[in-house]
Amino acid sequence: MKRLALTLAVLLPPLLVHGPLSAQRSVVDDAALREADPREWLSHGRDPAETYYSPLDQIDATNVDRLGLAWSWDIESYQGRLEATPLVSDGVLYGTGIWSVVFAVDARTGEEIWKWDPAIVQGGRANSGPSVCCGPVNRGPALYDGKVYAGLLDGRLVALDAETGNVVWVQQTTPVGGEYSVTMAPRIANGNVIIGNSGAEFGVRGYVTAYDAETGEEAWRTYTVPGNPALGFESPAMEFAAQTWQGNWWDLGGGGTVWDGMAFDPDANLFYIGTGNGAPWSREHRSDGVGDNLYLSSILALDADSGEIVWYYQTTPGDDWDYTAVQNIILADIAIDGQERQVLMQAPKNGFFYVLDRITGELLSAEAFGHVTWAYEVDMETGRPIEVPEARYDPTGVWLSPGPRGAHNWNPMSWNPDTGLVYLPGQHNQSFYRVNTEFEPVPGRFNLGTGGGGDRPNPPELPEPRGFLAAIDPVTRQELWRIPHAGSRNGGTMTTAGNLVFSATEEGVFYALDATTGERLWEMELAPGPATPITYELDGRQYVTILSGPGGDQGAGRVWTFALDADAPFPEE
Ligand code: CA
């Protein structure tokens with residue numbers, strides 16, 4: 001590529017050469033997001049199907065051991081865990097850090113272009129800041145038409161000028177001073193920015209909102225659980241859902257927050273979301289101990305233009321265990337039983353790996369991938385899990401797996417169409433679930449309805465090791481191989497046409513596997529607490545980037561970028 005450019009420079013007048021090679025910004029519009037040029041990484045999962053797969057193959061299984069550090073950049077803002085998937089467009093890498101800091105750096109050199117700090121009020125409700133269940137994390141930005149979008153911890157959605165980092169518009173997507181927060185990456189569909197929120201542990205009602213990307217004007221909002229019937233239902237779907245609830249469920253919101261996984265099928269014009277657990281956790285306190293409580297712990301297909309719920313599949317009816325189904329969603333076209341199917345795949349917290357027909361919502365398979373003791377299996381006739389008798393816990397309590405951290409959490413799985421495998425970062429954990437008979441909701445606190453005093457039996461043994469990366473064939477429903485990890489807070493996975501899988505362990509060991517065999521081909525120790533890798537190409541050179549932290553003097557986390565035969569000095573600890 002470089003040689004060609006030089007030749008052209010000699011043969012052609014400068015103006016003509018300058019056109020295609022200049023720094024003129026290419027437009028990130030609906031067509032570009034859909035086309036998903038592999039040299040860039042324009043949206044969260046790289047493409048609207050959110051595969052975390054890249055067709056780039058310069059770095060492959062034969063040469064990946066030549067990977068070296070190309071550059072690193074310290075975010076230097078706040079301390080904490082990084083969970084962001086960065087984006088790359090036109091030679092610029094955009095990312096987010098702790099406390100919703102947004103930044104742009106040169107994707108060739110790591111030189112800072114701009115950084116924007118929304119100055120989130122820290123200290124929780126006591127300081128009029130956002131209540132946060134699980135750290136002030138952020139999972140990344142979105143790009144569209146010259147703007148960078150980020151969901152902020154205090155519930156704002158901001159559009160920044162991609163070149164300058166200046167605020168173009170800002171919308172408060174949640175009630176000010178409430179128990180909502182935002183940690184997820186916004187998504188783009190048909191010119192709208194779509195964002196959900198978090199907060200079910202405190203007691204909120206889940207919903208997802210679409211805003212016009214240009215103006216910030218609200219396009220639609222879809223609730224995931226019904227509100228107080230006395231106030232009227234927003235839609236027939238809410239009226240239908242209300243039949244599956246009992247008692248005064250709206251008092252504590254009901255839950256069902258949408259805080260991570262989404263995907264978009266532009267052909268079907270369906271926008272997919274996953275919904276979270278119930279609020280409170282205990283169905284006893286939430287819904288008088290009965291009912292499926294739609295649409296908790298569900299995968300919902302929405303009309304991308306109206307937000308209307310087209311179909312739903314509930315992974316955990318009547319959730320009692322914090323089994324969110326917000327984990328990342330991947331769309332793929334695969335042959336199942338000899339028939340081409342347009343599928344959706346998800347591995348929610350509850351420990352089953354689901355394959356659904358993404359047009360109809362039909363359940364195609366559901367296999368346990370983790371240590372699952374709350375249910376025997378999923379009944380393929382009814383689509384419902386067959387629970388063990390003790391799963392519906394009482395004031396005596398019971399140990400169950402998975403626990404609230406789930407068999408899979410925020411760290412994305414990826415799908416490689418070449419190998420036909422899904423690479424799933426999973427984990428083993430358990431929890432003692434007990435109905436708290438003394439439960440009294442307190443604003444600004446965890447309102448779970450579980451726990452309470454009294455003896456508890458010793459926990460059963462958990463399988464070791466605690467973490468793993470599993471290669472799953474969604475057609476044969478077989479797990480082909482599994483890489484053990486000592487820890488369970490490992491990063492997300494990314495896979496490439498170079499027959500590679502990239503991921504990092506909780507301890508910060510960044511590694512590449514042979515995507516077919518799982519053989520470890522390369523590794524390098526970074527900083528603990530990794531996010532999810534991406535890859536891109538500039539000037540004919542393929543790069544691989546991952547955020548990991550804490551690192552550096554500030555303990556603020558770092559952006560690490562690698563390329564073949566690169567030998568930038570390793571940053572000081
Ligand atoms: Ca939760």
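Counting convention: from 1, in listed order, for ligands and their atoms alike.
Side chains of Thr275 and Tyr312: a donor-acceptor N/O pair is absent below 3.5 angstrom, by distance only. Remark: the Asn293 side chain and the Arg283 side chain contain no N/O donor-acceptor pair separated by less than 3.5 Å. Between the side chains of Gln314 and Thr316, no donor-acceptor pair of N or O atoms lies under 3.5 Å.
Taking the N/O/S atoms of Asp322 in turn, the shortest distance to the Ca ion (ligand 1) belongs to OD1. If you look at Glu201 and ask which of its N, O or S atoms sits nearest the Ca ion (ligand 1), the answer is OE2.
When distances to the Ca ion (ligand 1) are checked against a cut-off of 3.0 Å, Asn277 contributes an N, O or S atom below that limit.
Considering only residues two or more places apart in sequence or on other chains, Glu507 meets the salt bridge (charged side-chain N to carboxylate O under 4.0 Å, His left out) condition with none of them.
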